[in-house]
Each structure stands twice: as C-alpha cells, then as structure tokens.
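What follows is a set of notes on a single structure, which appears directly below.
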Protein chains: 2
Amino acid sequence: MEHLNEKECKSAGMAVRDTLEIISGKWKLILLLTFYKKGKRRFRELVKELNISPRVLSKELQELEMNKLVTRTVRNTRPMTVEYDITPYCRTLGSVLQPMKEWGELHRQEIIGKKNSE
Amino acid sequence: MEHLNEKECKSAGMAVRDTLEIISGKWKLILLLTFYKKGKRRFRELVKELNISPRVLSKELQELEMNKLVTRTVRNTRPMTVEYDITPYCRTLGSVLQPMKEWGELHRQEIIGKKNSE
DNA sequence: CGGCATCCACTTGGATACTG
DNA sequence: CAGTATCCAAGTGGATGCCG
C-alpha cells in the first residue's frame, strides 16, 4: 500500500495516493456508482447484478466501509439480509470524480481525436 | 484494463476510469512528481534516483509518453543519452491531482481525526 | 442469505544479464 | 547509456464449497 521509496511522498504525493488507492481496483468505482444510481443494495443482489464473486465483494465492501464511504446495515428478517448504501460523506468524493470525469473526456479527445495532427 | 461487465461504464464511469488508470500504478505519480520538481531526467538518473528497475521504468515511461504526459528526447552524445520530461499538457492533470490532494487530506482527518467520535 | 476459506489464474513489479 | 529479455515473487481477482 505505501511503498514509496523516495521523498516524493512527502506532502502532495501522499494525499493524492491516499485518494487514488481508495478508488482504485476493479470494483470500487462500479460499486459506488451502483449505489449512487440504484440506491441501497443487498449482498446477494450485488453478487448477481455485478457478477462479482462473494469473496471479492466482501473485501471491497469492507474497505469502502472502513473509509466511511458505505454503510452496512443488518436487517432482522427471516433469512438474514444486509443492506449496503453510500454515505452522505461519500458524496464529497464528487469533488474528485467530477474533475476526473472531465479530464478523462478531454484526454480521450487529446489522444484519439488528435491522433494524426502532429 | 477495461473489464467492465455492467452498464456502469456507460457515460461517467468510463471517463473516470480512463483517468484513474493513467495515474494508477506504483510509479506513475512518482515519475510525474519527479519531473515536476526536478525537471528533465535521463533514463539512468531515474533508475538510480528512484531505485526502479530498468524494465519497469521503460514500460512506465512508454505508457506516460503514449498519453502525451512526458516527452522522450534522444541526445546525440558520445554514449547515447535520452532525456525525459513532462509536457505542458501534463500540467492539465493538475485539475485532477489538486482535488485528489485536497480530498485526501480531508479524508485523513475524517478517518484518523474522528476515529472515536461516534 | 451473508460471507469466509481454499485453491487457482492472471497481472504487476523486481532482479539481472545481455544487446545496440 | 538506453532498453529489452528472462525469470521470479507478490498481489489481485475469480470459482466454489461450506458454515452460521
């Protein structure tokens, strides 16, 4: 996780990397977007909807929960059910995701659009 | 690289992930920050300063170059030398890195600072 | 149903020798 | 010196069985 071998990590680098690692990985973004668009979801629903293995889903949700981006709520139903949802705090990630979305779109133009305009 | 199995990747997700993958990995950020703070660097300098293996450095620089974030300049010196540096375009990444830095710092407070304020 | 344990495949990054 | 090829270690994600 924190394998920085130079003093690059000092001020700016560390904070940027913290943010980076929180949303990195194959499923973090997909999960947050799913909650954002469809609301609360149960464990099994996520497994089926996203076609993610339970082992991985469990780990991803735990990490998101540790970072206070999602909540885990146990329902006292006949079989047991657990609901996951994003927190209000998770919305603050918008200040990061929005610029990333915009830059990504511009970059696609920069790379693909101007491919042969040397 | 692009293993999105749901329609989550549609609009927003794709662009965000594009940006994410460009700056992900162990060395991308360190390299860009090194150029930013110390200016142009030769291949061997980077290997020694960062303690990165040549194989990995070569791959990382190629990827950054493909995304037009760094330039590669061959010098016609006695032994051969190659200089790498960031492009002006790379500076536009600031609109992404700055919010990431700020959110990362706030998040550190949110997680560590308020650890026992439930 | 939630989710952990086990086993496995693929990817990422490192060490090092070697070539132009 | 720059960069590649080879080999290898560790991490990440997937499949599946099992248990409470």
Side-chain angles (χ1 to χ4, degrees), chain A residues 1-6 8-9 13 17 20-35 40-67 70-85, chain B residues 1-6 8-9 13 17 20-35 40-67 70-85:
Chain A
M1 292 304 184
E2 62 316 296
H3 33 210
L4 304 185
N5 48 356
E6 279 287 284
E8 324 303 60
C9 60
R17 189 165 299 270
L20 194 53
E21 291 183 346
I22 285 171
I23 57 179
S24 284
K26 179 171 175 179
W27 294 105
K28 299 275 161 54
L29 226 44
I30 295 177
L31 282 169
L32 294 182
L33 288 177
T34 297
F35 291 132
K40 64 179 67 165
R41 280 281 176 283
R42 289 185 300 122
F43 191 86
R44 200 96 239 290
E45 285 179 327
L46 291 169
V47 168
K48 287 194 289 188
E49 289 179 20
L50 302 178
N51 203 32
I52 181 178
S53 79
R55 191 186 72 85
V56 174
L57 177 59
S58 177
K59 187 176 67 67
E60 299 287 286
L61 288 173
Q62 280 178 29
E63 289 171 8
L64 290 174
E65 194 188 358
M66 281 190 350
N67 283 311
V70 306
T71 55
R72 176 179 181 278
T73 309
V74 179
R75 295 279 170 219
N76 275 331
T77 50
R78 26 294 143 75
M80 166 210 228
T81 57
V82 177
E83 281 177 358
Y84 290 91
D85 202 355
Chain B
M1 291 303 182
E2 61 315 297
H3 33 211
L4 305 184
N5 48 355
E6 278 289 281
E8 323 303 59
C9 63
R17 190 165 297 271
L20 192 54
E21 291 183 345
I22 286 171
I23 58 179
S24 283
K26 179 170 175 179
W27 294 106
K28 298 275 160 54
L29 226 45
I30 295 177
L31 282 168
L32 294 181
L33 287 177
T34 296
F35 291 131
K40 64 179 68 167
R41 282 278 174 285
R42 289 182 302 121
F43 191 87
R44 200 93 239 293
E45 285 179 326
L46 291 170
V47 168
K48 287 194 290 188
E49 288 179 21
L50 303 179
N51 203 33
I52 181 178
S53 79
R55 191 186 72 86
V56 175
L57 177 58
S58 178
K59 186 177 68 66
E60 299 288 284
L61 288 173
Q62 280 177 28
E63 290 171 9
L64 290 174
E65 194 189 358
M66 279 189 351
N67 282 311
V70 307
T71 55
R72 177 179 180 278
T73 310
V74 179
R75 296 278 170 219
N76 274 331
T77 50
R78 24 297 143 77
M80 168 210 228
T81 58
V82 178
E83 280 178 359
Y84 290 91
D85 202 355

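Just so you know, these numbers come straight off a predicted model, no measurement behind them. Throughout, protein chains are lettered first and strands after them, A, B, ... in sequence-line order, and every chain is numbered starting at 1.
Counting heavy atoms from C-beta on, the side chains of B:Val74 and B:Met80 come closer than 4.5 Å. Counting only heavy atoms from C-beta outward, the side chains of B:Glu21 and B:Arg17 approach each other to under 4.5 Å.
In this model, the phosphate group of C:dG3 is not approached by any side-chain N or O of A:Gln62 to a distance below 4.0 Å at OP1 or OP2. A sub-4.0 Å separation between OP1 or OP2 of D:dG3 and a side-chain N or O of B:Arg72 is present. Listed pair B:Tyr84 / D:dG3 meets the phosphate criterion, a side-chain N or O lying under 4.0 Å from OP1 or OP2. Between A:Lys59 and C:dC4 there is no side-chain polar atom (N or O) within less than 4.0 angstrom of OP1 or OP2. In this structure, B:Trp27 reaches the C:dG14 phosphate: one of its side-chain N or O atoms is under 4.0 Å from OP1 or OP2. For D:dA15, the OP1/OP2 oxygens have no side-chain nitrogen or oxygen of A:Ser53 closer than 4.0 Å.
In the interface, the side chain of B:Arg55 is paired with the base of C:dG13 through a donor and an acceptor atom under 3.5 Å apart.
Closest approach to the B:Val82 side chain among D:dA15, D:dG3, D:dG13 is made by D:dG3 (side chain taken as heavy atoms from C-beta onward). Out of C:dA17, D:dG14, C:dG14, the shortest distance to the side chain of B:Pro54 is found at C:dA17. Side chain of A:Val56, nearest nucleotide from D:dG3, D:dG14, C:dA15: D:dG14. For A:Phe43, taking side-chain heavy atoms from C-beta onward, the closest of the listed nucleotides C:dG2, C:dG14, D:dA2 is C:dG2.
Using a 4.0 Å cut-off between charged side-chain N and carboxylate O, A:Glu60 and A:Lys26 make no salt bridge.
Panel note: side chain B:Ser58, backbone B:Pro54; no donor-acceptor pair is recorded below 3.5 Å.
DNA chain C contains the following stems of three or more consecutive Watson-Crick or G-U pairs, with both distances under 3.5 Å: C:1-20 with D:1-20.
Of the candidates A:Glu65, A:Arg72, A:Arg41, A:Tyr84 forms a side-chain hydrogen bond (donor to acceptor under 3.5 Å, both in side chains) with just one, namely A:Arg72.
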